[in-house]
Each structure stands twice: as C-alpha cells, then as structure tokens.
Trainee: 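Have a look at the structure that comes next, please.
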Amino acid sequence: MKIARFRAGRRAAFGVVQGNEIVETRGSIYSRFRLTDNRFALADVTLLPPTEPSAIWGPGVNFPDRVDAAASLRGEPSLPGLKFPEPWQKGRNSLTGPGNPIIIPKDSDGEVHFEGEVVAVIGKQCRRVAPDQAGRYILGYTCGNDVSERTWQKEDRTLWRAKGSDTFSPVGPWIETDVDPQQLELLVKLNGQEMSRSKTSSMIFPFSGIVSYISQHATLYPGDLVFSGGSGVSRPMKPGDLVEVEVPGIGILSNPVTAEFDSSGE
C-alpha cells in the first residue's frame, strides 16, 4: 500500500495511491483508517512530505564503500571498526517534499552534495525495543536525499548546518508499506544520468538495528524518519540541476536545485 500526504486546494490530507489517483483517508495512518469517496487525480494534487516528523535521524556511516570517504571528511586515514550506528539528527526545518527545490545557501562554497537513501517511517511510539522487534514499529519506507554541504561538514564541529540547512532533507513521494527493507535497490540520477546504484542488503546496520539502537536512548514517535545512510561517491549539485532518487517498488523522489537569493534579488 502506498500512503501519501497531499494538498488539494488549501487542504492537506492523507490518501492511498491507486494507479493515477489518490483516495483520501479518514482516521490515523498510524492506527486505523478507512478510504473515503474523495478521489483526486495525482496530477491535480501537490504531494507533500509523507509525514510531519518530530525528528529526522541519520545512522552515520552505514555502507562499506563510504568508510574511506567518511574518514577523509574527518581528516583521518581510516575509521575504526563500526560496532554500532552513530545516529544524529537533521533539523525539522530541513524537511521538504517531492518536486520542491533544494536550495543552495548563498554562503556555500559550492560543495552541496546529494546522497540518495531509503528512509524508514516510524509507525508506533518506540522505546527500548530489541532489533528483532523493531520492524513492528515501522510503518513503511520512502525515498530520501541527505543533502550535505561538504565544506561545512569538514569545518564545523557539528552537522547542524552541513546537513540541517533548509531544504536539505527531501523525502517522498509516499510511504510504501509492503516491501522488504533489506532487499531494495537504490538509484540516484543527476540530470537523467545515473550517478550511483546500490542495494540495502549492503547496509552495515539494517533498519531494525538502527531503530533499535536509537530507541535505547531516545523515544521514536509515529511519523519520525530514519535514513539508511548513503552509498557510493557523492557529488556536488548546482542550480539548474535535477536530482532523482529512485527505489524500485517504492517510487521516485525528484527535486530541482536552485540558488538562494538575498532580499535584493542578487
């Protein structure tokens, strides 16, 4: 089942995607809901970020081919063996939806990179759950882009602006509830050209392990988002680019790239 959050006119609602239509729901997508008689063509609505999370989590380095790159960003020759995830949060302000622009900050050095990822959507309040139980607390999965300003990532002591600036967390287009999260393929395209291709089976820590680990220290709430981590070599974007994160079986998250302008329009 594909669950989307959308705007029709001035009203935001949840719905279930059926072919080229979306059927509005009543009730909570996290517990019980029903389909209504309200149907809309997908082309006639605006898709929004699929949830309104209280927190957005990243797992740290989580693919073998990113270990050396992460060490380089830290100015280290290598990373020690990873015994557990190293989760961190992106600001809620960074969330944006499908089709919305990724905005390059005007004070960036131009090293704003895309990182296509799969994102778990929490479905139930989650605290101190075991890895083998964590899947019960996940509603489904969607596509995400962990946008990162690499110069700031090297220079700053925290990730607050490097990964948490406005629009640095595109997510969507909807939540797929019926997929195997560790058997997904992930493709990232820049202006139609494939930049990377990976599989979630290569994740060092599976979603169940990441969610369980976070829940030992912080409560996860319905709608919270947990990114998979990125794979491959990330690349910078520039205004005018189009970035697509595709997960077959889920969908395609597409976002144009624009530059930030000051109040004078310069």
Trainee: For a side chain to side chain donor-acceptor pair (under 3.5 Å) with S148, tell me which candidate from K90, E111, E115 qualifies.
Mentor: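 Passing option: E115.
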Trainee: So, R39 and E21, do they make that salt bridge, N to O below 4.0 Å?
Mentor: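 A salt bridge is present here (some side-chain N lies under 4.0 Å from a carboxylate O).
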Trainee: With salt bridge (Lys or Arg N to Asp or Glu O under 4.0 Å) as the criterion, how do R5 and E52 come out once you've worked through the C-alpha distance, each side chain's angles and the decisive distance to 0.1 Å?
Mentor: CA-CA 9 Å; R5 183 168 159 261; E52 297 180 281; 3.3 Å; yes
Trainee: With a cut-off of under 6.0 Å to the ring centre and 45° to the axis, is K163 in cation-pi contact with F168?
Mentor: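 Ring-cation test returns no.
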Trainee: Do N255 and L242 pass the side-chain contact (heavy atoms from CB on, under 4.5 Å) test, and can you show the C-alpha distance, the side-chain angles, and the key distance before you say yes or no?
Mentor: CA-CA 6 Å; N255 297 93; L242 179 70; 5.8 Å; no
Trainee: Go through the steps to decide whether E24 and R11 satisfy the test salt bridge (Lys or Arg N to Asp or Glu O under 4.0 Å), and finish with yes or no.
Mentor: CA-CA 11 Å; E24 187 175 348; R11 190 169 57 88; 2.6 Å; yes
Trainee: Please step through side-chain contact (heavy atoms from CB on, under 4.5 Å) for the pair T167 and N100, ending with a clear verdict.
Mentor: CA-CA 8 Å; T167 74; N100 291 341; over 6 Å; no
Trainee: T25 side chain to F14 main-chain N or O, any donor-acceptor pair under 3.5 Å?
Mentor: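 A pair under 3.5 Å: yes.
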Trainee: When you measure from the side chain of S212 to the backbone N and O of A134, does any donor-acceptor pair fall under 3.5 Å?
Mentor: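 A pair under 3.5 Å: no.
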Trainee: Between R128 and T219, is there a side-chain donor-acceptor contact under 3.5 Å, judged purely by atom types and distance?
Mentor: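 There is no such pair (donor and acceptor under 3.5 Å, judged by atom type) between the side chains of T219 and R128.
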Trainee: Is the backbone N or O of L95 less than 3.5 Å from a side-chain atom of S169, with the two atoms forming a donor-acceptor pair by type?
Mentor: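 It does not hold such a pair.
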Trainee: More than 12 foreign heavy atoms under 6.0 Å from CZ of R7: is that the case here?
Mentor: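 Counting other residues, nucleotides and ligands, CZ of R7 stays at 12 neighbours or fewer.
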Trainee: Tell me, with the steps shown, if S202 and F63 meet side-chain contact (heavy atoms from CB on, under 4.5 Å).
Mentor: CA-CA 6 Å; S202 298; F63 281 83; 4.0 Å; yes
Trainee: Under 6.0 Å from the CG atom of D132, do we count more than 12 heavy atoms belonging to anything else shown?
Mentor: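 Yes, the 6.0 Å shell around CG holds more than 12 heavy atoms from other groups.
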Trainee: Should F33 and R26 count as side-chain neighbours, where that means a heavy-atom distance under 4.5 Å?
Mentor: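 Side chain of F33 against side chain of R26, heavy atoms only: no contact under 4.5 Å found.
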Trainee: Looking only at the aromatic ring of each residue, does the gap between the centers of F205 and Y213 stay below 6.0 angstrom?
Mentor: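 They do not qualify: ring centres at least 6.0 Å apart.
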Trainee: For the NZ atom on K124, are there more than 12 heavy atoms of other groups (residues, nucleotides or ligands in this structure) within a distance under 6.0 Å?
Mentor: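 Buried by this count: over 12 neighbours within 6.0 Å.
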Trainee: What do the steps show when you test S234 against R150 for side-chain hydrogen bond (donor to acceptor under 3.5 Å, both in side chains), and what is the final call?
Mentor: CA-CA 10 Å; S234 68; R150 295 305 193 198; 2.9 Å; yes
